[in-house]
Chemist: 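What follows is a structure written as structure tokens; I'll ask about it next.
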Amino acid sequence: MHTYRTHTCGQLDKSHIDETVKLSGWVHKKRDHGGVLFIDLRDTYGLTQCVVDEESPLINEIDKWRNESVITIIGKVRARAEGTDNDKLSTGAIEVYISEAEMQSEADILPFQVAEDDGTGEDHRLKYRYLDLRREKMQKNIRLRNNVIRSIRERMYEQDFQEFQTPIMGASSPEGARDYLVPSRLHPGKFYALPQAPQQFKQLLMMSGFDKYFQIAPCFRDEDGRADRLAEFYQLDVEMSFVTQDEVFATLEPVLYNTFAQFSDFTGEKRTVTETPFPRITYKDAMLKYGSDKPDLRNPLEIVDVTSVFERDDVEFNAFKNVIKKGGVVRAIRAPGVGEQPRSFFDKLNSWAQSEGAPGLGYIIIESGAGKGPIAKFVPEAATDELKKAAALEDGDAVFFICDLERKAAKMAGMARDKICDAMDETGIKTRETGCYKFCWIVDYPMYDLDEHTAKIDFSHNPFSMPQGGLKALNTKDPLDILADQYDCVCNGFELASGAIRNHKPEIMEKAFGIAGYSLEVLEEKFGGMLNAMRYGAPPHGGIAYGIDRIVMILADEPNLREIYAFVMNGQYEDLMMGAPSEPNAEQLKELHLKLNLPKPKTESNEEKKRA
RNA sequence: GCGGGAGUAGUUCAGCUGGUUAGAACGCAGCCCUGUCACGGCUGAGGUCGCGGGUUCAAAUCCCGUCUCUCGCGCCA
């Protein structure tokens, strides 16, 4: 007989009755009835009920074994007593009558219960992650992660992509986030940067002639966290030679569609996935209609521009008119069928808008063809008719207004669109679609935009993107009017991927960076390796990078990324289990030629608490 | 850096219009129980109410400060 087990804890059924088996696993739960003791033995494959009764001398010993101890038992498989089958377990028709039992590793008193998901605080879960990971939900999530990555990898291989590894310690890459730096012992005062993405390497692989690259690549960005953002994360990084934007989409759409379709019932509810080809929305349209470049298309509400209505001479709403005079716009969101809602429905939305720094969220209700509500009196019949036409308003609808300078108005309207949708759902008017993964491409990003604070022209996205119209566009057009072959892939309001057709011509790169204020010297210093490579025959190429973690998070229907990583840092980017980051010792600092210049601590308690 | 929420037993929470000894569930220790699978029953241990200060005869509760976690903004694709 095997030292530890003949079967797993999820394996036994009626076909094994009368066999003597050996099982190893964790004591999941015990139920002690005095004369009979049940033990649920658990491993990653399932639970098996093991029994011992007072006829056995083992009962007193086993009864003392604490939950989460690791044990090995030998026993005979038998059918459960009539009427005591457990349909919830795959092994629910049988039990194992224990004849021998061995303690492998005793568990201390637990900091929290493993067998039940009692909402234990995240800091505890992360500190004792190995216990947290034993729980059913985490076991499932991590398995999903594994399966998703495997599925994606196989789909990429099917399309003849080669998988690469690229350096972790390298030079700064062109993404705009802060780098994590690693000091060099051999080169005093110099640092490696951890990759924000393998951007330059994958482009260089194209220039090396590999044609189709992919990697499940670790990426590092030193910016504050969010529920869907971590310091380190993984991307499905892809690059292809001699392709157009259409070909990149056609390559990745089936990978995403099939992967999502494959795992779309993970939560127990089968969800639909947008059929390919995914709809394409230009950046400009997205900002107008959804107020965001990552629109949640499950929300059917759309934004329209109604500036012209409020510009009319017969409309006397100066609160808007004055903003329009300063170059502002008015955006409207139709909320169908909310005309009957109580005043509190509108007041709540209004105070939400104020909490976001807007003066308010004006609205008009359409009743019997006419406008109603606090600002309706400023909008006469003819103007109301124009408004109805612009926003497709019908009796019983309300329309909400946002008025501000364009960029702010678009963003605010985007948030209001979401908030109104939620408010409608809350009142029982089902608005947001459920049970679906709604994909789209956002295309035609501007190559440049104006930095809000410095008013300088800067790259709006990836600086290596190909400007539409090439060098000619750079030479002749207003930089702010130039679009790039740059695209994002969006699902349910999450930006899943970002990519571009790259610029492969050194003269375009020089010009493009010049417009953004980078001199040739700076360009050579920062990206000289790649610029040089372009001078020796670079193929046209393009690619994309998907956030693997976000994909898994959405499929698992989890609210944050920490639920789909085995080991992960908290919101402050600390590893509570392993104690990272930690202070280097004096010897390490000396070897690295570093001296610390620390800010004064506000109080002592923080560090002391951490040490405790 | 800014804003919202949270911090009470090992864990999850209640208590918060100030007023006996701060409660419950799970867990833990002991006892009882032969068919449970959220087993059940009895007994018990376990608390600097995040920390510091203030108001008061009296503070978990009110006020001020501070720390930590979390969500969001800024930042970042």
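Lettering follows sequence order; numbering is per chain, from 1. Because only heavy atoms are used, hydrogens play no part in the values below, and waters and symmetry mates are left out as well, while side chains stay in. All values reported here derive from a predicted model rather than from experimental measurement.
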Chemist: By the 4.0 Å heavy-atom rule, please label A/N86 as base, sugar-phosphate, or nothing.
Modeler: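 Base contact - A/N86 has a heavy atom under 4.0 Å of at least one base atom.
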
Chemist: Inspect the contact between A/R331 and A/D404 and indicate whether a charged nitrogen and a carboxylate oxygen are less than 4.0 angstrom apart.
Modeler: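 Judged by the 4.0 Å cut-off on N to carboxylate O distance, A/D404 and A/R331 do not form a salt bridge.
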
Chemist: Mind checking if A/N462 touches a base, just sugar-phosphate, or nothing, with heavy atoms under 4.0 Å?
Modeler: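 The residue A/N462 makes no contact with any strand.
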
Chemist: With no angle test and no hydrogens, is the base of B/rC37 tied to the side chain of A/R80 by a donor-acceptor pair under 3.5 Å?
Modeler: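 Indeed there is one.
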
Chemist: Counting distance alone, no hydrogens or angles: does the base of B/rG35 have a donor or acceptor under 3.5 Å from a partner atom on the side chain of A/E95?
Modeler: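 Answer yes: a donor N or O sits under 3.5 Å from an acceptor.
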
Chemist: Ignoring backbone atoms, test whether A/R31 places a side-chain nitrogen or oxygen under 4.0 Å from the OP1 or OP2 oxygen of B/rC39.
Modeler: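 Yes, A/R31 has a side-chain N/O under 4.0 Å of OP1/OP2 on B/rC39.
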
Chemist: Taking only the C1' atom of each, what is the distance from B/rC16 to B/rC62 in whole angstrom?
Modeler: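 Rounded to whole Å, the distance is 10 Å.
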
Chemist: Let's test this: given Watson-Crick or G-U wobble pairing with both distances under 3.5 Å, identify the partner of B/rC37.
Modeler: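 None - no nucleotide pairs with B/rC37, as no candidate has both distances under 3.5 Å.
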
Chemist: Do any side-chain nitrogens or oxygens of A/H124 fall under 4.0 Å of OP1 or OP2 in B/rU11?
Modeler: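 Indeed, a polar side-chain atom of A/H124 lies that close.
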
Chemist: Are side-chain N/O atoms of A/E253 and A/W441 paired as donor and acceptor at under 3.5 Å?
Modeler: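 Side chains of A/E253 and A/W441: pair found under 3.5 Å.
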
Chemist: Looking at A/F112, I'd like to know if the NZ or CZ of A/R125 sits under 6.0 Å from its six-membered ring centre while staying within 45 degrees of the ring's axis.
Modeler: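 No, cation not above the ring by the 6.0 Å, 45° rule.
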
Chemist: Using centres under 5.5 Å plus planes under 30 degrees as the test, is A/F112 stacked with B/rU11?
Modeler: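 Not stacked by the 5.5 Å and 30° rule.
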
Chemist: Could you go step by step and tell me if A/T166 and A/Q215 meet the side-chain hydrogen bond (donor to acceptor under 3.5 Å, both in side chains) rule?
Modeler: CA-CA 9 Å; A/T166 50; A/Q215 175 176 198; 3.0 Å; yes

Chemist: Taking 4.0 Å as the cut-off, does a side-chain nitrogen or oxygen of A/K29 come that near to OP1 or OP2 on B/rC39?
Modeler: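 Checking A/K29 against B/rC39: at least one side-chain N or O falls below 4.0 Å of OP1 or OP2.
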
Chemist: Is the base of B/rG74 touched by the side chain of A/R178 through a donor-acceptor pair closer than 3.5 angstrom?
Modeler: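 Per atom types, no contact qualifies.
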
Chemist: Determine the Euclidean distance between corresponding P atoms of B/rC39 and B/rC26; express it in Å to zero decimal places.
Modeler: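 Result for the P pair: 10 Å, nearest Å.
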
Chemist: Determine the interatomic distance between P on B/rU56 and the same-named atom on B/rG18; round to the nearest Å.
Modeler: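 To the nearest whole Å, 16 Å.
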
Chemist: Kindly say if A/K411 contacts the phosphate of B/rG74, meaning a side-chain N or O under 4.0 Å from OP1 or OP2.
Modeler: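 It does, given that an N or O in the side chain of A/K411 lies less than 4.0 Å from OP1 or OP2 of B/rG74.
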
Chemist: Pick the C1' atom in B/rA60 and in B/rG40, then give their distance to the nearest Å.
Modeler: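 Approximately 34 Å lies between the C1' atom of B/rA60 and that of B/rG40.
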
Chemist: Which comes earlier along RNA chain B counting from the 5' end, the contact point of A/A227 or that of A/G34, where each point is its nearest nucleotide?
Modeler: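 Whichever sits nearer the 5' end wins; that is A/G34.
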
Chemist: Any donor-acceptor pair under 3.5 Å between the side chain of A/R66 and the base of B/rG27?
Modeler: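 Between B/rG27 and A/R66, which were checked side chain against base, a qualifying N/O pair under 3.5 Å is absent.
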
Chemist: Could you check whether A/Q139 and A/T44, counting side-chain N and O atoms only, form a donor-acceptor pair closer than 3.5 Å?
Modeler: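 Looking only at side-chain atoms, A/Q139 and A/T44 do form a donor-acceptor pair, the distance falling under 3.5 Å.
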
Chemist: Measuring only the C1' atom in each nucleotide, how far is B/rG46 from B/rG4? A whole number of Å is fine.
Modeler: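 Pairwise C1' distance, B/rG46 against B/rG4, rounds to 35 Å.
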
Chemist: Select one nucleotide: of B/rU36, B/rC69, B/rC76, the one nearest the side-chain heavy atoms of A/R221.
Modeler: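 The answer is B/rC76.
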
Chemist: For B/rA38, does either OP1 or OP2 sit under 4.0 Å from a side-chain N or O belonging to A/Q113?
Modeler: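 A/Q113 to B/rA38 OP1/OP2: no side-chain N or O under 4.0 Å.
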
Chemist: May I ask which nucleotide in the shown strands pairs with B/rC76, Watson-Crick or G-U wobble, both distances under 3.5 Å?
Modeler: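 Pairing partner, where one exists within any strand: none, as none qualifies.
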
Chemist: Does A/Q49 reach a base, just sugar-phosphate, or nothing at all? Heavy atoms under 4.0 Å.
Modeler: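 Base contact.
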
Chemist: How are the rings of A/H33 and A/F38 set relative to one another: parallel (under 30°), tilted (30 to 60°) or perpendicular (over 60°)?
Modeler: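 Aromatic pair A/H33/A/F38 classed perpendicular.
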
Chemist: When you match A/T120 and A/E116 each to their closest nucleotide on RNA chain B, which lands nearer the 5' end?
Modeler: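 Looking at the nearest nucleotide for each, A/T120 comes out on the 5' side.
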
Chemist: Name the pairing partner of B/rA25, where a pair is Watson-Crick or G-U wobble with both distances under 3.5 Å, or state none.
Modeler: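 B/rU11 - that is the nucleotide pairing with B/rA25, both distances being under 3.5 Å.
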
Chemist: Work out how far the C1' atom of B/rC49 is from that of B/rA22, and round it to whole angstrom.
Modeler: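 Their C1' atoms lie roughly 8 Å apart.
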
Chemist: When only distance counts, do a donor and an acceptor, one from the side chain of A/D224 and one from the base of B/rG74, lie under 3.5 Å apart?
Modeler: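 Side chain to base: pair found, below 3.5 Å.
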
Chemist: In the strands shown, is B/rU55 matched to any nucleotide by a Watson-Crick or G-U wobble pair with both distances under 3.5 Å, and which?
Modeler: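 Result: none.
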
Chemist: Do we see a donor-acceptor contact under 3.5 Å between the side chains of A/N462 and A/Q486?
Modeler: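 Side chains of A/N462 and A/Q486: no pair found under 3.5 Å.
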
Chemist: Could you check whether A/R78 gets within reach of a base, just the sugar-phosphate, or nothing at all, counting any heavy atom under 4.0 Å?
Modeler: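 The residue A/R78 makes base contact.
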
Chemist: Does the base of B/rC75 carry an N or O that pairs as donor and acceptor with the side chain of A/R229 under 3.5 Å?
Modeler: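 By the distance-only test, yes, there is a pair.
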
